[in-house]
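These notes are about the structure you will find just below.
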Amino acid sequence: MTDSAVARPEDLPLAQIRLAQSPLPLVPAARAWSLQSLAGHLLVSQTTHAAQAAAALPAMALDGSAATEGAAMTQAIAKQFMSLHAQWVEGVAELAQEMGQFRHANTMSKYVDQEVNLVQQSLALVSNQATATVRLLENIQVNLAWWLSKGGPPVASLLPPGGSTGRPGDPGSRVA
């Protein structure tokens, strides 16, 4: 992006050419293709995980330690969700405090800049929280599949935000 303070009128034709050469008309198709690709991947992995669960759960019903292990994993998951919720509440509180402050802007451009900054902070909070929640859900799925395939919970892999499981075969597995 260019800074409007340093933009010159003669830059407009170059910007228009650059826009015309961009794949802008293809953006919706590219975004749809990405979503379709992800949906296909999720369908395959969900089917695999469901088959693993169907095969493992009957045997685990007879295992006395499975309930204890499952409860420990559930407790670790609940702890991570509470941590995410605490981060959300803290972020909303900080944003609310900043929004409630009276700020003196002596020009309209400074006022608009301040307001847009608040919008950007709000979007960043929502984006970070949504990403962390999805990352946690994905990690729960990976951990559950690992538990079902190995016969024990990966409770130790429920790490603080951004941590990896460290298990061989789980590259990039993370908990938010």
Side-chain angles (χ1 to χ4, degrees), residues 1-43 45-46 49 73-145 154-167 170-176:
M1 300 213 101
T2 60
D3 185 1
S4 60
V6 296
R8 301 170 308 215
E10 56 269 18
D11 292 339
L12 180 60
L14 294 174
Q16 290 173 327
I17 290 170
R18 198 167 135 212
L19 179 62
Q21 293 172 343
S22 74
L24 192 58
L26 301 176
V27 168
R31 304 310 310 145
W33 183 80
S34 294
L35 180 60
Q36 181 182 7
S37 175
L38 176 62
H41 170 72
L42 289 175
L43 180 64
S45 67
Q46 292 292 334
H49 293 302
M73 187 164 46
T74 301
Q75 184 179 16
I77 291 168
K79 197 173 177 181
Q80 288 298 311
F81 273 115
M82 288 189 303
S83 174
L84 279 175
H85 183 67
Q87 291 170 5
W88 171 256
V89 171
E90 182 65 31
V92 169
E94 287 176 17
L95 192 58
Q97 187 175 18
E98 192 168 337
M99 286 179 163
Q101 293 174 352
F102 176 76
R103 295 188 175 154
H104 180 70
N106 52 356
T107 65
M108 185 58 85
S109 62
K110 287 184 181 180
Y111 173 78
V112 169
D113 188 48
Q114 290 173 358
E115 294 301 306
V116 169
N117 186 16
L118 291 172
V119 170
Q120 289 173 333
Q121 289 179 42
S122 301
L123 290 173
L125 177 64
V126 170
S127 174
N128 292 339
Q129 189 71 18
T131 301
T133 301
V134 170
R135 190 176 294 129
L136 176 58
L137 293 172
E138 288 172 341
N139 198 46
I140 290 168
Q141 182 181 26
V142 168
N143 289 336
L144 185 57
V155 175
S157 70
L158 291 172
L159 301 174
S164 71
T165 64
R167 283 195 309 267
D170 285 349
S173 178
R174 301 170 92 64
V175 170

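Nothing here was measured: the structure is a model prediction, and the numbers come from that model. Just the heavy atoms: all of them, side chains too, but no hydrogens, waters or symmetry mates, feed the values below.
A 6.0 Å sphere centred on CD of Gln101 holds more than 12 heavy atoms belonging to other residues, nucleotides or ligands. In this structure, Glu10 places its CD atom where more than 12 heavy-atom neighbours from other residues, nucleotides or ligands lie under 6.0 Å away.
Residues Leu19 and Gln16 have side chains not in contact (no heavy-atom distance under 4.5 Å, counting atoms from C-beta outward). Within the 4.5 Å cutoff, no side-chain heavy atoms of Ser83 are placed close to those of Lys79. Residues Phe81 and Leu137 meet the side-chain proximity criterion, which asks for heavy atoms closer than 4.5 Å.
Remark: the backbone N or O of Arg135 is not paired with any side-chain donor or acceptor of Asn139 at under 3.5 angstrom. Side chain of Thr133 to main chain of Gln129: a donor-acceptor pair is present (N/O by atom type, distance under 3.5 Å, no hydrogens or angles). Between the side chain of Ser37 and the backbone N or O of Trp33, no donor-acceptor pair lies under 3.5 Å.
In this structure, Leu95 and Leu118 approach most closely via the heavy-atom pair CD1-O, 4.1 Å. Leu84 and Ala132 make their closest contact through CD2-CB, 3.5 Å (heavy atoms, listed as atom of the first residue, atom of the second, distance).
Between Lys110 and Asp113, no side-chain nitrogen of the basic residue sits less than 4.0 Å from a carboxylate oxygen of the acidic one, so the salt-bridge criterion is not met.
Test Val142, Leu136, Asn143 against Ile140 for side chain to side chain contact (heavy atoms under 4.5 Å, CB included) and you get one pass: Leu136.
Here the straight-line distance linking atom CD of Gln141 with atom CG of Leu42 works out to 7.5 Å at 0.5 Å rounding.
The side chain to side chain contact (heavy atoms under 4.5 Å, CB included) check on Ala15 picks up nothing, with sequence neighbours excluded. Shown here are the side chain to side chain contact (heavy atoms under 4.5 Å, CB included) partners of Ser127, two or more places apart in sequence or in another chain: Thr131. Every residue meeting the side chain to side chain donor-acceptor pair (under 3.5 Å) condition with Gln121, not counting sequence neighbours, appears here in chain and number order: Glu98, Asn117.
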Worked check of side-chain contact (heavy atoms from CB on, under 4.5 Å) between Val116 and Tyr111:
CA-CA 9 Å; Val116 169; Tyr111 173 78; over 6 Å; no

